[in-house]
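Worth knowing before you read on, the calculation uses all heavy atoms, side chains too, and leaves out hydrogens, waters and symmetry mates. Labels below follow one simple rule: chain letters A, B, ... track the order of the sequence lines, proteins then strands, and each chain is numbered from 1.
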2 protein chains.
Amino acid sequence: MNAPPDSPLLALQRATHATLHVLATELADLGLTAAEINALANLADGRPHTASELAAAVGSRPTTLTSVVDRLERRGHVTRGPRPGDRRAVQIELTDSGRAAAVTISEAVAGLERRALDGLSPAAVDGFHQVVRALTEVRA
Amino acid sequence: MNAPPDSPLLALQRATHATLHVLATELADLGLTAAEINALANLADGRPHTASELAAAVGSRPTTLTSVVDRLERRGHVTRGPRPGDRRAVQIELTDSGRAAAVTISEAVAGLERRALDGLSPAAVDGFHQVVRALTEVRA
DNA sequence: CTGCGATCTCGTAGTATCCGATATCGTAGA
DNA sequence: TCTACGATATCGGATACTACGAGATCGCAG
């Protein structure tokens, strides 16, 4: 199968869907959706983020993130507060339960990556990052 | 930017969102959504596909595809018909207008890929494909 | 203190996605 | 032949995602 080399973009989307689905299945206990998982994973470093930063990190618009953060806040996983020094920006921070969830997510992500990338050469992984980065920065 | 090497999975999702958005912007004239574009791109080889095959190709469930194909059919881009020899399966084929749209999409995809991958080594692209493929096939 | 740009939220609308149930079809087995 | 079982796709209903435009709040320059 997969006789033709297959467009990088199509392969990319397939991989995204597939990994997202695996992750959602593994993390079903948390009761989180894909977007929420993605947001928490990007918050996992513990640094506070603004809505804009987070939107850029997950690849969506700030408006989209509002509802996601709403739900995360309602569940007590994050808090919203003004950023000291610039009260326009909203600072999104993990709570204790949010940090716990983020750790679980990070471990699942790391485990999945380990399983997938086990037999591959570092050069391949490096090439992957180069391509992904180039694709992310492409403009219309 | 990109100070930390950043998880492959997060980078993957970011790239998917970014490229999808660029594509949707470029192809706004067609009046198609991301899922529809994805489906047409996967049908672009002209071969007939079944709903299951197409679902696997785009990375979603057959139920999800039904509504997408519904819309494509209503717009006259595809036809549904029974597959000769197995009337359970539904054969999805491009119409003339669907083929035209698919060509436009393929060109946009190819152009985007060319722009993004221009300066990169073939080895990097090869590594990208290896990683993406491994990620796609990972299991829970 | 006035205007302008930045940042976020809210309202609204259309899609996407899935689960469970159902209908149709193919195939193996009695 | 006919019956049971697996495969395939659709339908109904529910939830979430995503975006756009409008509005609110705030920082900053003059």
Side-chain angles (χ1 to χ4, degrees), chain A residues 13-14 16-25 27-28 30-40 42 48-75 77-93, chain B residues 13-14 16-25 27-28 30-40 48-75 78-93:
Chain A
Q13 307 206 4
R14 203 158 31 228
T16 299
H17 280 139
T19 52
L20 225 48
H21 202 258
V22 170
L23 261 192
T25 303
L27 298 173
L30 295 180
L32 297 171
T33 66
E36 292 162 4
I37 290 173
N38 200 346
L40 282 180
N42 277 284
H49 291 71
T50 66
S52 298
E53 284 172 2
L54 196 51
V58 304
S60 61
R61 300 279 176 284
T63 49
T64 303
L65 228 68
T66 297
S67 59
V68 176
V69 175
D70 276 350
R71 225 179 347 263
L72 288 176
E73 190 177 26
R74 215 175 308 131
R75 288 199 199 189
H77 285 334
V78 303
T79 57
R80 266 196 269 225
R83 176 166 68 178
D86 187 347
R87 308 252 287 265
R88 298 170 294 187
V90 168
Q91 208 167 31
I92 299 168
E93 252 174 307
Chain B
Q13 307 206 4
R14 201 156 34 228
T16 300
H17 280 141
T19 51
L20 223 50
H21 202 257
V22 170
L23 260 193
T25 303
L27 297 172
L30 295 180
L32 297 171
T33 67
E36 292 163 4
I37 290 172
N38 201 347
L40 282 179
H49 290 71
T50 67
S52 298
E53 286 171 359
L54 195 52
V58 303
S60 60
R61 301 278 174 285
T63 49
T64 304
L65 228 69
T66 297
S67 60
V68 175
V69 175
D70 276 350
R71 224 178 349 259
L72 287 176
E73 190 178 25
R74 215 176 309 133
R75 287 200 198 191
V78 302
T79 58
R80 267 196 268 224
R83 176 165 67 180
D86 187 347
R87 308 251 287 266
R88 299 171 293 187
V90 167
Q91 209 168 31
I92 299 168
E93 253 174 305

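B:E36 pairs with exactly one of B:L27, B:V78, B:L72 by the side-chain contact (heavy atoms from CB on, under 4.5 Å) rule, that one being B:L72.
Side chain of B:R14 to backbone of A:G59: no donor-acceptor contact under 3.5 angstrom is found. With hydrogens and angles ignored, the 3.5 Å screen pairs a side-chain donor or acceptor of A:R75 with a backbone N or O of A:G31.
Between B:R87 atom CZ and D:dT10 atom P there is a gap of 15 Å when expressed in whole angstrom units. Rounded to an integer number of Å, the gap from B:R88 CZ to C:dT27 P is 6 Å. Atom pair B:E53:CD and D:dT8:C1' shows a separation of 12 Å (rounding to whole Å applied). Residue B:H49 contributes atom NE2, which lies 16 Å from atom P of D:dT8 at whole-angstrom precision. Rounded to whole Å, atom P of D:dT18 lies 16 Å from atom CD1 of B:I37. One interatomic measurement links the two molecules: CG of A:D86 to P of D:dG27, which rounds to 6 Å at whole-angstrom precision.
Listed by first and then second residue, the side chain to side chain donor-acceptor pair (under 3.5 Å) pairs that reach into residues 77-86 of chain A are A:D70-A:R80, A:E73-A:R80, A:H77-A:S97, A:D86-A:R88, sequence neighbours excluded. The side chain to side chain donor-acceptor pair (under 3.5 Å) analysis of residues 58-68 of chain B, with sequence neighbours excluded, yields the pairs A:H21-B:R61.
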If the sugar-phosphate is the primed atoms plus P, OP1 and OP2 and the base is the rest, what is the B/S/- string for nucleotides 9-20 of chain C, using protein heavy atoms under 4.0 Å?
BB----SSBBBB
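Closest heavy-atom contact between B:E53 and B:H49: OE1-CA, 3.4 Å.
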